Structure formats: C-alpha cells, structure tokens
Amino acid sequence: MPASKSRPSRAKAISVARVCAAMDEIAPPALAAEWDNVGLLLGRRAARVRRLCLTIDLTEPVLAEALRRRAEMVVAYHPPIFKPIGRLTAEETPVLWSAARAGLAVYSPHTALDAAPGGTNDVLAGAIGMAEHRPLEPIAPPAGCKLVVFVPPADAGRVASAAFAAGAGRIGQYAECSFRTAGVGTFRGGPGSRPAVGRPGRRQHVEELRLEVLVPRDRLGPVVEAIRAAHSYQTPAIDVYPLEPLSEGTGMGRVGPLRRPVELGTFVRRVKRALGLRRVLLGGPADRRVRLAACCAGSCGDLFRRALAAGADAYVTGEMRHHDALAAAAGGMTVLCVGHSNSERLALAHLARRL
C-alpha cells in the first residue's frame with residue numbers, strides 16, 4: 001500500500017523553491033554520498049505548493065494518492081531518478097512520465113538526510129533506545145567562509161540584506177546572522193577615483209562598521225556581487241577567510257549506549273515495537289546483554305566493522321550481505337536486519353514536523 005504522508009495546509013501557497021530551501025537546510029545536499037542523486041529532480045522552482053506528500057518511494061500507488069489529494073509536490077526519500085536515464089516515456093518510465101504530465105515537483109534527500117543531524121539515523125537511534133550517540137562514520141560538513149566587509153553605518157542594513165538574500169548568514173537553524181563592530185577607516189582616492197565621501201587626493205577618516213557573515217563556498221561569488229551592488233563605495237573592502245569544518249554530529253550511522261542495558265530479547269522486542277514489525281532477521285550471539293548499540297538505516301552492512309571497532313553489542317540496519325553478517329557474528333556482535341525501507345520509514349513523521 002502507499003507508504004506516504006500527506007499534510008494538507010490551509011496556509012497560502014508557497015513556491016517550490018522555498019520548500020527546496022527548507023529541505024536543503026534540514027538535509028544539506030553537500031552531505032550526500034558522491035554516488036547519490038539528491039535535490040529537486042523534477043518540476044519548476046517557481047511553481048506554487050499548498051499540499052506536500054512525503055514518501056519513502058515514489059511508486060504508482062503513491063503518485064495516485066498524491067494526485068488524488070491534490071498535492072503539488074512530493075518529497076521522496078529515495079530518488080526516483082537514481083542513474084541517468086536516456087528517455088522519458090510512458091512505457092519505460094511510467095511514474096516519472098505521469099508526474100511530469102501532472103506538473104508535480106519531486107525532491108529527494110536520501111543520504112543527505114541520513115548524514116544530517118536530526119535526520120534518518122538520529123531518528124532510528126532514538127527509536128531503539130540510545131541515550132546519546134555519535135556518527136559511526138563522521139563526515140565534516142562542507143567548509144565555508146567568513147566574509148568581512150567594511151561599510152558606512154548608513155549602508156549596513158542594505159548591504160546585510162543583500163548578503164542574506166544571496167545566501168549568507170545561515171548558522172544551523174538560524175538565518176540572517178551577522179556581527180558588527182564599529183571603527184574608523186581611512187583612505188585617499190587616487191586620480192580617477194569617485195569616493196562616496198570626501199574628494200580624491202585627500203586622506204579621509206570615516207566611521208565604518210565591520211560587518212561579518214558566514215558564507216557557504218558555493219555561494220561566495222553571488223554574495224560578493226550582491227554586496228558590491230548594494231555598497232555605496234566604488235571599491236568596497238572585502239576580506240574572505242576560509243573556515244575549517246567540524247563534524248558536529250554529521251555522518252553515516254550512529255553508535256551509543258542504551259538508556260539502560262537490556263537482555264538481547266528485550267532489545268529485539270523494542271526494535272520490533274518501535275518499527276512496527278513482527279519479525280526481524282537476527283544473526284550472531286543470542287545470549288547477551290546489550291549495553292552499546294549501533295545502527296544505520298538502509299543498506300549499511302559495510303559499516304559493521306566500524307560498529308565492531310566501537311565495541312557495539314548489537315547492530316541494527318536495513319539489510320546487509322550474507323558474508324558481512326557472518327563476519328559481524330564471528331566478531332562477537334549481534335546483527336538485526338529489519339528491512340531496507342523499514343529502517344527509514346520513521347524519519348517521515350519527524351521530517352513532516354520539521355517542514
């Protein structure tokens with residue numbers, strides 16, 4: 001049956017671009033695996049959205065449900081366009097063909113949501129009872145820059161607004177972040193200059209503000225151009241400082257202690273209850289207490305070695321190769337395979353609330 005969640009909204013319509021911006025903040029595309037295909041995959045950014053459908057996979061039943069409920073956009077966790085396609089036809093790509101004909105926008109976060117704080121793996125870790133956790137495979141977020149520009153006080157609001165609109169000033173869940181300090185700047189215009197204050201050939205002392213904002217590397221060019229366009233100076237002084245990234249809980253998988261140690265049977269029942277399952281595949285030692293657990297949503301069998309190295313007693317994942325499961329069991333770790341999409345489905349409700 002359709003695995004989707006539709007949130008009708010009484011609010012006025014917003015643009016597809018605004019939904020994409022919110023998703024990019026929740027699950028930054030730069031965190032996705034190199035082989036993945038995330039972001040807006042179908043649709044027009046200027047189109048309007050009143051109803052949004054969230055799903056694990058964009059299947060024919062889900063598409064029918066989205067259209068029946070008059071949704072204009074779908075956030076499909078798994079990308080419906082994963083590998084390059086040579087043609088878009090009703091016979092070979094029926095779901096994409098129908099979605100395109102209906103004017104539906106489709107966005108996919110996939111591994112970006114897995115790696116992001118508060119994303120798929122954090123939800124799974126919380127559901128199976130981890131008290132605290134860290135990534136199994138940390139990923140440093142993309143390095144950004146600190147941009148500093150010196151502006152007359154009268155220009156500060158206009159210049160800051162231009163920088164924010166171009167993509168500067170985001171820190172976590174906060175937008176339009178900046179820092180300003182007052183000082184005195186000096187300059188002397190040469191022949192042919194057109195200073196906004198004073199005359200060429202004379203040294204000028206001007207009260208200025210040092211305006212600092214954070215800028216993603218991929219937005220540096222547009223932000224600099226926006227600042228120059230909004231600035232009253234002929235040649236604004238702009239400094240750019242590269243920043244070293246910190247992981248800050250970003251990465252694939254999670255590992256951490258349970259809120260209290262439990263027998264394996266209790267742990268298995270907790271996992272099944274949390275995920276709404278009657279059965280899971282179990283391998284490895286069966287008579288043990290689980291103190292430290294690890295998890296990774298989807299197909300993350302290859303991370304079991306990191307879970308072993310961390311000392312995990314049990315590893316919960318969607319699926320893994322037979323020989324990897326045997327190797328994990330030989331290493332003394334119990335493996336629970338819960339089914340690929342079963343390990344990811346809990347994240348939809350959390351994502352709906354955040355959106």
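What you see is a predicted model, and the numbers here were worked out from it, not measured in a lab.
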Which pairs, with at least one residue in residues 294-310 and sequence neighbours excluded, count as a side chain to side chain donor-acceptor pair (under 3.5 Å)? none

Name all pairs fulfilling the side chain to side chain donor-acceptor pair (under 3.5 Å) condition that reach into residues 214-230, sequence neighbours left out, sorted by first residue then second. E225-R228

Main-chain N/O of [Y] paired to [X] side chain as donor or acceptor, under 3.5 Å:
X    : Y    : value
T334 : P285 : yes
S15  : R18  : yes
R254 : H133 : no
R288 : G332 : yes
T317 : C296 : yes
D114 : M252 : no
R51  : R69  : yes

Answer whether the closest heavy-atom distance between the side chains of [X] and [Y] falls below 4.5 Å.
X    : Y    : value
P80  : V95  : no
P135 : T250 : no
R188 : P200 : no
T89  : W97  : no
E132 : P257 : yes

Where [X] and [Y] come nearest, the two heavy atoms and their spacing:
X    : Y    : result
A294 : I128 : O-CD1, 4.5 Å
S341 : I56  : CB-CG2, 4.0 Å
S232 : P152 : OG-CG, 4.1 Å
D57  : V62  : O-CG2, 3.6 Å
A100 : L42  : N-CD2, 3.9 Å
P222 : A166 : O-CB, 3.8 Å

Those residues that, when tested against H78, pass ring-ring contact (aromatic ring centres under 6.0 Å, His included) (two or more places apart): H110, H340

Consider side-chain contact (heavy atoms from CB on, under 4.5 Å). Of V280, L336, N342, which one does K272 pass it with? V280

Under the salt bridge (Lys or Arg N to Asp or Glu O under 4.0 Å) criterion, do E212 and K146 qualify, and how do the steps go? CA-CA 7 Å; E212 303 180 30; K146 176 179 284 188; 3.3 Å; yes

Rounded to the nearest 0.5 Å, how far does [atom2] of [Y] lie from [atom1] of [X]?
X    : Y    : atom1 : atom2 : result
L303 : L308 : CG    : CG    : 11.5 Å
L40  : S108 : CG    : OG    : 9.0 Å
L63  : T59  : CG    : OG1   : 8.0 Å
L275 : E344 : CG    : CD    : 11.0 Å
Y77  : Y107 : OH    : OH    : 13.0 Å
L214 : I171 : CG    : CD1   : 4.5 Å

Are [X] and [Y] grouped together when hydrophobic residues (ILVMFWY) are joined by side-chain heavy atoms under 4.5 angstrom apart?
X    : Y    : value
V290 : L277 : yes
L124 : L136 : no
V338 : V335 : no
V316 : V123 : yes
M333 : M320 : yes

Should [X] and [Y] count as an ion pair when the cut-off is N to O under 4.0 Å?
X    : Y    : result
E25  : R170 : yes
E208 : R210 : no
E72  : R48  : no

So R44 and V16, side-chain contact (heavy atoms from CB on, under 4.5 Å) or not? Walk me through it. CA-CA 7 Å; R44 187 167 56 92; V16 168; over 6 Å; no

If the condition is salt bridge (Lys or Arg N to Asp or Glu O under 4.0 Å), which residues does R87 pass it with, not counting sequence neighbours? E92

The salt bridge (Lys or Arg N to Asp or Glu O under 4.0 Å) partners of E263 (sequence neighbours excluded) come to R289

Just jot down the side chain to side chain contact (heavy atoms under 4.5 Å, CB included) partners of A237, sequence neighbours excluded, or say none. F150

Apart from L147 itself, residues in the same hydrophobic cluster as defined by side-chain heavy atoms under 4.5 Å: V149, V151, V159, F164, L209, L211, V213, V215, L220, V223, V224, I227, I238, V240

Hydrophobic cluster (4.5 angstrom, side-chain heavy atoms) - remaining members for V184: none

Worked check of side-chain contact (heavy atoms from CB on, under 4.5 Å) between V74 and L52: CA-CA 6 Å; V74 172; L52 177 67; 6.0 Å; no

Go through the steps to decide whether L54 and L355 satisfy the test side-chain contact (heavy atoms from CB on, under 4.5 Å), and finish with yes or no. CA-CA 10 Å; L54 306 186; L355 280 172; 4.0 Å; yes

Apply side-chain contact (heavy atoms from CB on, under 4.5 Å) to L258 and R291, showing your working. CA-CA 6 Å; L258 299 183; R291 295 175 175 82; over 6 Å; no

By side-chain hydrogen bond (donor to acceptor under 3.5 Å, both in side chains), which residues pair with T266, not counting sequence neighbours? R269

With sequence neighbours left out, what residues match N121 under side-chain hydrogen bond (donor to acceptor under 3.5 Å, both in side chains)? none

Pairs flagged by ring pair (Phe, Tyr, Trp, His ring centres under 6.0 Å) wherever residues 181-239 is involved - sequence neighbours left out: H231-Y233

Any ring pair (Phe, Tyr, Trp, His ring centres under 6.0 Å) involving residues 293-338? Give me the pairs, sequence neighbours left out, ordered by first then second residue. none

